[in-house]
Structure formats: C-alpha cells, structure tokens
Amino acid sequence: MCNREMKFGVLWDWARERGFEGIATGHYARKGDAQTILRGVDGNKDQTYFLAMMQPEQVRIAHFPIGHLLKPELRDEARRLNLKTADKKDSQGICFIGEVKMEDFLRTFVEDRPGNIVDLEGRVLGQHRGLHLYTLGQRKGIGVASNLYKQAYVVVAKRHETRELVIAIERPDTPLLWAQRCTLTAISTTGQPLDQARLLNAQPRYRCPAGLAEYLPLGDGRAQLIYQEPQRALTPGQICALYDGDQLLGGAIFETISYEG
C-alpha cells in the first residue's frame, strides 16, 4: 500500500503540481509499455509483488531504471560512478520506519493481549504476548521448543475470540497449513479490469513462487481463486499479486481461506 498511497500517491501529487512528468524508483521491475509492469530481470530481486496494488494512471507515470540489471551489474555500475552505496548491504527495514524490529514497531501501537499457545488438540504448550505478533506459517520465534523428535512447530491458526495461538508440527498434510481455495477482496488492477474467468499466476507473498490458479470473478471487487496445487500458509489480510507470465496484472487481499478440497 505504501507504493500506491505514498510514493505514487502523495509524492506524485506533490511532483505533478511542480511540473514533473513521472516518478522513478529503485524497484527491481520493468515497464513493458505505458500501461504494463513486468518482473525484473533479476528473479532473485524482483519486487513487482510490492507494486501489485498500483492503479493504471500510476503505472503510466512510473519508471523503473534498474529493472533490466542483475544486482551484481548494478553494484558494478555504482562503483564505476563512485557511489558510496555501491557495497552497502541490502536494506531490510520497514518502509518509512527504518531498521526497527516488526515486533517493537507493532507493540508501540497495539497493546499486548496475552493468551495460550495450543496444539491442534487444544493442549496448552506455552504463552504468547499477543496474536498480532505472529503470522500464519511462522516457524521461528514462536516461543515453544521443538518436540521430542526435534520437529519444529509452525503457526497454523489464530483464534481471536479465545486469544489462542494454534501451532502444529509441519508436515505435507498438516491441517490448516495447506489450502487451494480462497476468496480475494479489494481487487486492484494495473491495466484492464479482471472481470472474466481465466487462468493466471497468483503470488501469495514476497519470496514465494507464483502458483497457477483459476480466477473466478464474484462481483463487488471480489473473486474466488482456486490453485492447481496446495499452497502453504495462505493468510487473510495479506496481498496476493496476480500475473500473466512476467506481466503484473494487479493484486488483491486474501479475504477467506478454505481448507476443504
């Protein structure tokens, strides 16, 4: 949302009033034509996922001058230009926040609401400080040690009504961890509306392969998405980026996840 509302929203309003014709950013992405965004050449650094909620008029004025380069090539060019950032480590900070741990940032605005950490059978395994500090599919930092067989736990559900954090041993058939069907809401497109049923590639989070899925519009800015293969830890509230090959079609927010069939 930062890119749509801030960089290509508030900043673009400011720039346009001062006679500028576009905004260039350092995203690893490419422009196909005036209305299309393509994945960056460096597949390991591609950042089009973060542009999924942009509007067509924002795509038109966007420029991505480094998307045709691999990261090592970009560093070589920076060294040639004697830029002090040529060998700087990649930033992992929260946009506009900086090098702050996500937990510390959230706890500044959301009070702790402790509860039990339970397994799928309801057995209490530990305590947590607040469900907002965890995400579905999380493996590290849960606060519960591995079981007797050195198998690590993973977060599979958050029960807000009882403040229970549900964890389980991760396996190929772990309940509540794998799903193929979901509904999307707040659908946003970078070009033409996605108002027809079709096959597309849907990427559920950054650093995750996009899976082939059937897209079925439901109206009112919602759609059903049926993946051909089970996907790990689909999470309500997270953004799903939608592609046709390398072309970014738009994005949406996961609304509900179905674990049936």
Side-chain angles (χ1 to χ4, degrees), residues 1-5 7-9 12 22-71 178-258:
M1 291 300 183
C2 164
N3 288 299
R4 188 176 78 182
E5 303 300 331
K7 292 188 180 79
F8 295 99
W12 170 235
I23 292 179
T25 72
H27 289 98
Y28 284 88
R30 295 175 293 153
K31 286 288 290 287
D33 56 39
Q35 294 294 340
T36 61
I37 295 176
L38 304 177
R39 288 188 183 276
V41 168
D42 193 332
N44 189 49
K45 292 294 182 180
D46 172 63
Q47 293 176 306
T48 51
Y49 174 85
F50 299 110
L51 307 172
M53 302 301 282
M54 286 176 60
Q55 302 293 311
E57 60 272 19
Q58 296 174 320
V59 175
R60 180 182 59 80
I61 57 88
H63 300 270
F64 308 112
I66 69 171
H68 65 290
L69 297 172
L70 300 177
K71 186 59 177 279
W178 300 88
Q180 287 181 252
R181 293 174 177 266
C182 59
T183 56
L184 303 176
T185 188
I187 296 169
S188 177
T189 59
T190 57
Q192 296 299 316
L194 291 171
D195 54 7
Q196 300 292 324
R198 59 172 295 172
L199 283 177
L200 47 67
N201 298 103
Q203 184 172 336
R205 56 190 168 276
Y206 186 51
R207 295 289 190 186
C208 175
L212 188 63
E214 185 177 5
Y215 175 91
L216 303 170
L218 300 175
D220 298 326
R222 298 170 65 249
Q224 184 178 47
L225 196 65
I226 306 174
Y227 281 96
Q228 291 193 352
E229 299 291 337
Q231 302 293 305
R232 182 185 183 279
L234 299 181
T235 304
Q238 288 189 348
I239 287 176
C240 179
L242 306 173
Y243 296 85
D244 180 2
D246 280 347
Q247 181 181 335
L248 179 65
L249 301 175
I253 296 174
F254 285 111
E255 181 180 42
T256 60
I257 311 298
S258 173

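Keep in mind the model is a prediction, meaning the values are calculated, not measured.
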Notebook entry, point to check: If you look at every heavy atom in Y206 and Q47, which pair is closest and at what distance?
Noted result: OH-CG, 4.0 Å
Item checked: Distance in Å, N201 CG paired with C240 SG, rounded so as to fall on 0.5 Å steps -> 10.5 Å
Item checked: Stepwise side-chain contact (heavy atoms from CB on, under 4.5 Å) check, I253 with M1 -> CA-CA 11 Å; I253 296 174; M1 291 300 183; 4.1 Å; yes
Check: Would you find more than 12 non-hydrogen atoms of other residues, nucleotides or ligands less than 6.0 Å from Q192 atom CD?
Finding: no
Notebook entry, point to check: Do K7 and L51 come close enough that some side-chain heavy atom pair is under 4.5 Å?
Noted result: no
Next item on the list: Could you tell me which residues satisfy side chain to side chain contact (heavy atoms under 4.5 Å, CB included) with T256, sequence neighbours excluded, listed by chain and number?
Entry: T183
Note to self: Is any side-chain heavy atom of Y243 closer than 4.5 Å to one of Y49?
What the structure shows: yes
Check: Is there side-chain contact between W178 and R232, with at least one heavy-atom pair below 4.5 Å?
Finding: yes
Notebook entry, point to check: With a 4.5 Å limit on heavy-atom distance, are the side chains of F8 and Q55 in contact?
Noted result: no
Next item on the list: Please report the shortest heavy-atom distance between I66 and H27, naming the atom on each side.
Entry: CG1-O, 3.7 Å
Margin query: Within this structure, what is the OG1-CZ distance for the pair T25 and F50, rounded to the nearest 0.5 Å?
Written below: 12.5 Å
Check: If you round to the nearest 0.5 Å, how far is CZ of F254 from CD1 of I239?
Finding: 10.5 Å
Check: Can you name the closest pair of heavy atoms from P217 and L194 and give their distance?
Finding: CG-O, 4.0 Å
Notebook entry, point to check: Between E5 and N3, is there a donor-acceptor pair closer than 3.5 Å when you use the side chain of the first and the backbone of the second?
Noted result: no
Margin query: Taking Y227's backbone N and O only, do any of them form a donor-acceptor pair with Q180's side chain (distance below 3.5 Å, no angle check)?
Written below: yes
Next item on the list: Taking side chain to side chain contact (heavy atoms under 4.5 Å, CB included) as the test, write out the residues that go with C208, two or more places apart.
Entry: P204, R205
Margin query: Contact between C182 and Q231 at the side-chain level, heavy atoms closer than 4.5 Å - yes or no?
Written below: no
Notebook entry, point to check: Given R198 and D244, is the side-chain contact (heavy atoms from CB on, under 4.5 Å) satisfied, shown in steps?
Noted result: CA-CA 10 Å; R198 59 172 295 172; D244 180 2; 3.5 Å; yes
Note to self: So that I can tick it off, tell me whether D46 and R39 are bridged by a salt bridge, with the cut-off set at under 4.0 angstrom between side-chain N and carboxylate O.
What the structure shows: yes
Item checked: Atom pair CZ (F64) and CG (L69), whose distance is rounded to the nearest 0.5 Å -> 14.5 Å
Next item on the list: Mind listing the closest non-hydrogen atom pair of T189 and P56 along with its distance?
Entry: O-CD, 3.3 Å
Item checked: Validation row: N44, R207 side chains within 4.5 angstrom (heavy atoms) -> yes
Notebook entry, point to check: Can you name the closest pair of heavy atoms from R30 and V41 and give their distance?
Noted result: CD-CG2, 3.9 Å
Check: Is L248 close to M54 at the side-chain level, that is, under 4.5 Å between some pair of heavy atoms?
Finding: no
Check: Do I257 and P236 come close enough that some side-chain heavy atom pair is under 4.5 Å?
Finding: yes
Notebook entry, point to check: Hey, what do you get for CG (L199) to CG (L212), rounding to the nearest 0.5 Å?
Noted result: 5.0 Å
Next item on the list: Find the distance between CG (L242) and CG (L200) and round it off to the nearest 0.5 Å.
Entry: 5.5 Å
Notebook entry, point to check: What residues form a side chain to side chain contact (heavy atoms under 4.5 Å, CB included) with Q247, not counting sequence neighbours?
Noted result: T36, L38, L249
Check: At their closest point, which heavy atom of I37 faces which heavy atom of K31, and how far apart are they?
Finding: CG1-CD, 4.5 Å
